[in-house]
Amino acid sequence: MAIREGRWDCQYCGTKGLLGRDKVCPNCATSRPEGTKFYIPEDEATVEDEKLLEQARKGADWICEYCRSSNVADADVCHHCAAPREGTSPQQAVKQYAPGEAPRSGDMTVPDPHEKYRQEPGPELAQQPERKERPRWLVPAIAGGLLLLALLCGFLFLRSDNVDVTVAGVSWERTVVVEALETVTEEDWEVPDGARVIGEREEIHHHDQVVVGHETKQREVSEEVQVGERTYVCGQEDLGNGFFQDIECTEPVYETQTRMETYEEPIYQQVPVYDTMYTYEVDKWVEARIEKAEGDDLQPQWPALSLAENEREGERQERYRILFVDGDGQEYVMAFPEDEWLRFEPSGRYQLRVNGLGQAVEVVQ
């Protein structure tokens, strides 16, 4: 896996772009502190020198607990003060980054990195992302638009006015269906109760789909077949010692292959299924006519019926309407139940509630 040398910035003196191999700032002689942010320049070449590769592969640096110097992973004593490595000695963090996410610049936010070792340790607050404020006019503008839409709907569908009107006319209509008992001829697969069969015959009731054989055929079949694996760089790892190593992943490589497949295709035949169709006579009450009575007064009547021996009265229906007219000549027609309709007086004055669409909704008084 390819290894590239990173960079770091001295947070003590401000020198930037120090090589990852440097454990000490060559400008101010300050040891590289714990928590130093390593970064890698764009298009940094891979390391080919065997000594640098060996240094990179040793692992993360450890920090001396006495002088805070940075040491290579395989060192047992500090190169600066000769203090032995303790089991509690901290290490530079090893981090993994997705493709394109490895840092390209350092971090100069701590002016004196050694100051934190002279203070009581405390929790570090995560840097909060900058919060972008909405334009102050945006929320009022949206609210205003919604309010305007609500007002428009209310005007069209909820607004109503009381209108003074006069009864200009009344009308009523009453109908009665007259049914006659007649003998009718019908056909069906079954004979209803009371019917008299006058004929029957065999007819196709439906068709069943039946397999009557098979035909051998061939067809081309395509399928994805794994033909190998592909290795690719899926990220980078900060080794914690100033070097970065490519993270390699593998994924299967597929190829679309075709082959001929032999199969048996069923042969179907539509087979008719017969049943008995009956012709029969049956006595039924059928609508013979509709008798109607209507008028423009407040004396509704049912139509007079003259029924023959084979007739009877069927369904009754009735409708009652009032025609109102306002002072501008606008007409409103409303339907009422009979008991309410009878309460209106010819030329009587009333008030109607009319909605925003000009439709009469109800009589107010």
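All of these numbers come straight from a predicted model, not from anything done at the bench.
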Could you tell me whether [X] and [Y] have a side-chain N and a carboxylate O separated by less than 4.0 Å?
X      : Y      : answer
Asp74  : Arg85  : no
Arg321 : Glu173 : no
Arg316 : Glu291 : no
Arg174 : Glu294 : no
Glu220 : Arg259 : no
Glu65  : Arg68  : no

- Quickly, which of Asp246, Thr46, Asp43 forms a side chain to side chain donor-acceptor pair (under 3.5 Å) with Arg4? Name it, please. Asp246
[X] [atom1] to [Y] [atom2] distance, which is reported to the nearest 0.5 Å:
X      : Y      : atom1 : atom2 : result
Lys58  : Leu53  : NZ    : CG    : 12.0 Å
Glu86  : Cys78  : CD    : SG    : 11.5 Å
Ser171 : Arg319 : OG    : CZ    : 9.0 Å
Ser69  : Lys23  : OG    : NZ    : 11.5 Å
Glu203 : Asp275 : CD    : CG    : 10.0 Å

- Run the numbers on Asp9 and Tyr39 for side-chain hydrogen bond (donor to acceptor under 3.5 Å, both in side chains), then give the verdict. CA-CA 9 Å; Asp9 297 341; Tyr39 60 95; 2.7 Å; yes
Is the shortest heavy-atom distance from the side chain of [X] to the side chain of [Y] under 4.5 Å?
X      : Y      : answer
Ile290 : Val176 : no
Thr250 : Arg230 : no
Cys64  : Cys81  : yes
Pro300 : Glu338 : yes
Val225 : Tyr254 : no
Val191 : Asp188 : no
Leu305 : Val178 : yes
Arg289 : Glu311 : yes

Nearest heavy atoms of [X] and [Y], plus distance in Å:
X      : Y      : value
Val94  : Leu239 : CG2-O, 3.7 Å
Val211 : Pro266 : CG1-CB, 4.3 Å
Val364 : Leu352 : CG2-C, 4.1 Å
Arg104 : Pro41  : NH1-O, 3.4 Å

- Task: Dump the intermediate steps for side-chain hydrogen bond (donor to acceptor under 3.5 Å, both in side chains) on Glu224 and Thr256, then the final yes or no.
- Result: CA-CA 5 Å; Glu224 295 294 310; Thr256 302; 2.3 Å; yes
- Task: Give me the ring orientation class for Phe244 and Tyr97: parallel if the planes are under 30° apart, tilted from 30 to 60°, perpendicular past 60°.
- Result: tilted
- Which of parallel (below 30°), tilted (30 to 60°) and perpendicular (above 60°) describes Phe344 and Phe324? perpendicular
Hydrogens and angles aside, do [X] and [Y] bring a side-chain donor and acceptor to less than 3.5 Å of each other?
X      : Y      : answer
Asp164 : Tyr350 : no
Glu281 : Thr185 : no
Gln257 : Glu223 : no
Trp172 : Asp297 : yes

Just by distance, do the side chain of [X] and the backbone of [Y] share a donor-acceptor pair under 3.5 Å?
X      : Y      : result
Arg57  : Leu52  : no
Asp208 : Val210 : no
Asn241 : Gly59  : yes
Arg7   : Glu5   : yes
Trp62  : Ala75  : yes
Arg32  : Asp22  : yes
Asn355 : Leu357 : yes

- Task: Could you walk me through whether Asp61 and Gln92 pass the side-chain hydrogen bond (donor to acceptor under 3.5 Å, both in side chains) test, one step at a time?
- Result: CA-CA 6 Å; Asp61 292 347; Gln92 295 285 8; 5.6 Å; no
- Report the C-alpha separation of Thr231 and Glu248 in whole Å, then their side-chain angles, then the decisive distance to 0.1 Å, and conclude whether the side-chain hydrogen bond (donor to acceptor under 3.5 Å, both in side chains) test is met. CA-CA 6 Å; Thr231 301; Glu248 293 185 349; 5.5 Å; no
- Item | Residues Tyr280, Glu200; criterion side-chain contact (heavy atoms from CB on, under 4.5 Å); working and verdict | CA-CA 9 Å; Tyr280 55 85; Glu200 57 184 73; over 6 Å; no
- Apply the test side-chain contact (heavy atoms from CB on, under 4.5 Å) to residues Cys25 and Trp8: give CA-CA distance (whole Å), side-chain angles for both, the deciding distance (0.1 Å), then the verdict. CA-CA 10 Å; Cys25 174; Trp8 61 282; 4.2 Å; yes
- Message: Please report whether the ring centroid of Trp341 lies less than 6.0 Å from that of Tyr320.
- Response: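 Centroid separation for Tyr320 and Trp341: below 6.0 Å.
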- Message: What verdict does the side-chain contact (heavy atoms from CB on, under 4.5 Å) test give for Glu186 and Val282, after you've listed the backbone C-alpha separation in whole Å, the side-chain angles of each residue and the deciding distance to 0.1 Å?
- Response: CA-CA 8 Å; Glu186 296 179 343; Val282 64; 4.0 Å; yes
- Item | Test disulfide bond (SG atoms under 2.5 Å apart) applied to Cys234 and Cys249, step by step | CA-CA 6 Å; Cys234 56; Cys249 299; 1.9 Å; yes
